[in-house]
Colleague: 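I'd like to ask some things about the structure below.
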Amino acid sequence: MPELPEVETIRRQLEPWIIGQTVVGATSHPSHKFTPAVEICGATFVSANRRGKFLLFGLDDSRELVVHLGMTGQLLPHAARDDKYLRASWDLASGDHLGFRDVRRFGRIRVAEDGVYEGALATLGPEPFDPAFSPQSLWMAVKKSNRHIKTQLLSQRVVAGVGNIYADEACFLAGVHPGARKLTKAKAERLHDAIVTVLRQGVDNGGTTLRDYVAADGEAGNNQFHLVCYGRYGEPCVACGDELRRTTLDARTTTFCATCQTR
DNA sequence: CATGTCGCCTGCGAGC
DNA sequence: TGCTCGCAGGCGACAT
């Protein structure tokens, strides 16, 4: 379940390796989710960027390779060519190759004209580490909607890159009930700071590996050892000792502390 | 437009 | 041991 910290870890590892590499061949799974992979034959990678959970690989022909990892996507230099879960593969002029492995096929590959985006990528909110994401911007956005706070975080429109793990962590850290629909200014500030904190910690720890996530070097992350809320229902709250509860919020499994997190 | 629901996918672990 | 079934969950399509 790659979220911003996992995607950023992959980006940082791929950037020095992929820039300057020219695609000389490509194959893909027949699903339309992956077939655009072959459209970049002949192009050379010139940059490796990220917006939210999307990887954006700039090409030398004013296009970008857009990759979303979905739930189980992995980008692996030197991936085994006979891997049954390989959904796309790019052969590079250097003799190297890059594989997109995705067991559950929730991932997606697209090719866009530079900066011309569609779908979720086009309506993405500000990057969490950008000044455009502020206590004020969070408060204003939340004020406009009636949806549960956690659901708004997952929408990618208030801030980009937050998924289920970091949403639970941020709400816990801020003392915000995930099912709240409104925030005071003070709580918006705490939630803003918590979002930035948990995402930065995730990046610093190389991402969270619970099941499928590995970085581009094939290594697992370490942030799973630092989670204090996500998935820990039944365990005592690290702050007050009461049992963390599990609930379903807008079809998402949610863990929270009913004592510490208030509406 | 805002909001809510469903389908996409496959491996895994619990329960029988 | 072997089977079924629920669960994991981001995003797009579609309905209200």
Colleague: Under the criterion salt bridge (charged side-chain N to carboxylate O under 4.0 Å, His left out), I'd like the reasoning laid out for Arg51(A) against Glu127(A): C-alpha separation, chi angles, the key distance, then a yes or no.
Modeller: CA-CA 7 Å; Arg51(A) 269 289 276 139; Glu127(A) 284 293 314; 3.0 Å; yes

Colleague: Can we say Arg12(A) and Glu8(A) salt-bridge, meaning some charged N sits less than 4.0 Å from an Asp/Glu carboxylate O?
Modeller: yes

Colleague: Please determine if Asp83(A) and Arg101(A) form a salt bridge, counting it only when a charged side-chain N lies under 4.0 Å from a carboxylate O.
Modeller: yes

Colleague: State which of dT3(B), dG12(C), dG10(C) makes the closest approach to the side chain of Arg110(A).
Modeller: dG12(C)

Colleague: Whole-Å distance between dA2(B) P and Asn146(A) CG?
Modeller: 12 Å

Colleague: Tell me which of Lys84(A) and Lys33(A) sits closer to the 5' end of DNA chain B, going by the nucleotide each one is nearest to.
Modeller: Lys33(A)

Colleague: Taking the side chain of Arg105(A) as heavy atoms from C-beta outward, which of dC11(C), dT3(B), dT10(B) is closest to it?
Modeller: dT10(B)

Colleague: From CG of Leu69(A) over to P of dC8(B), roughly how many Å is that when rounded to an integer?
Modeller: 22 Å

Colleague: If I take atom CD1 in residue Ile165(A) and atom C1' in nucleotide dA8(C), what distance separates them, rounded to the nearest angstrom?
Modeller: 10 Å

Colleague: Identify which nucleotide among dT10(B), dC7(C), dG4(B) has an atom closest to any side-chain atom of Val103(A), counting heavy atoms from C-beta outward.
Modeller: dT10(B)

Colleague: Of the listed nucleotides (dA8(C), dG12(C), dC11(C)), which one gets closest to any side-chain atom of Arg252(A)?
Modeller: dC11(C)

Colleague: How many Å lie between CZ on Phe34(A) and C1' on dC9(B), as a whole number?
Modeller: 9 Å

Colleague: Calculate the interatomic distance between Glu3(A) atom CD and dC11(C) atom P; express it in whole Å.
Modeller: 10 Å

Colleague: Could you state the atom-to-atom distance from CG of Asp83(A) to P of dT10(B) in whole Å?
Modeller: 14 Å

Colleague: Any salt bridge between Asp168(A) and Arg252(A), counting N to O under 4.0 Å?
Modeller: no

Colleague: Check the distance between dC9(B)'s C1' and His32(A)'s NE2 and give it to me in whole angstrom.
Modeller: 13 Å

Colleague: Which nucleotide sits closest to the side chain of Asn164(A): dC9(B), dG10(C), dG12(C)?
Modeller: dG10(C)

Colleague: Are OP1 or OP2 of dG4(B) and a side-chain N or O of Arg147(A) less than 4.0 angstrom apart?
Modeller: yes

Colleague: For the side chain of Arg246(A), starting at C-beta, report the closest nucleotide among dG12(C), dT3(B), dA8(C).
Modeller: dA8(C)

Colleague: From the list dG12(C), dT3(B), dG10(C), which nucleotide is the closest neighbour of the side chain of His68(A)?
Modeller: dG10(C)

Colleague: Supply the members, apart from Val24(A), of the Ile/Leu/Val/Met/Phe/Trp/Tyr cluster built from side-chain contacts under 4.5 Å; use none for a lone residue.
Modeller: none

Colleague: Over how many whole Å does the gap from Leu249(A) atom CG to dG4(B) atom P extend?
Modeller: 10 Å

Colleague: Measuring to OP1 and OP2 of dC9(B), would you say a side-chain N or O of Thr72(A) lies under 4.0 angstrom away?
Modeller: no

Colleague: Examine dC8(B): is either OP1 or OP2 under 4.0 Å from a nitrogen or oxygen in the side chain of Arg104(A)? Give yes or no.
Modeller: no

Colleague: Does OP1 or OP2 of dA2(B) have a side-chain N or O of Ser145(A) closer than 4.0 Å?
Modeller: no

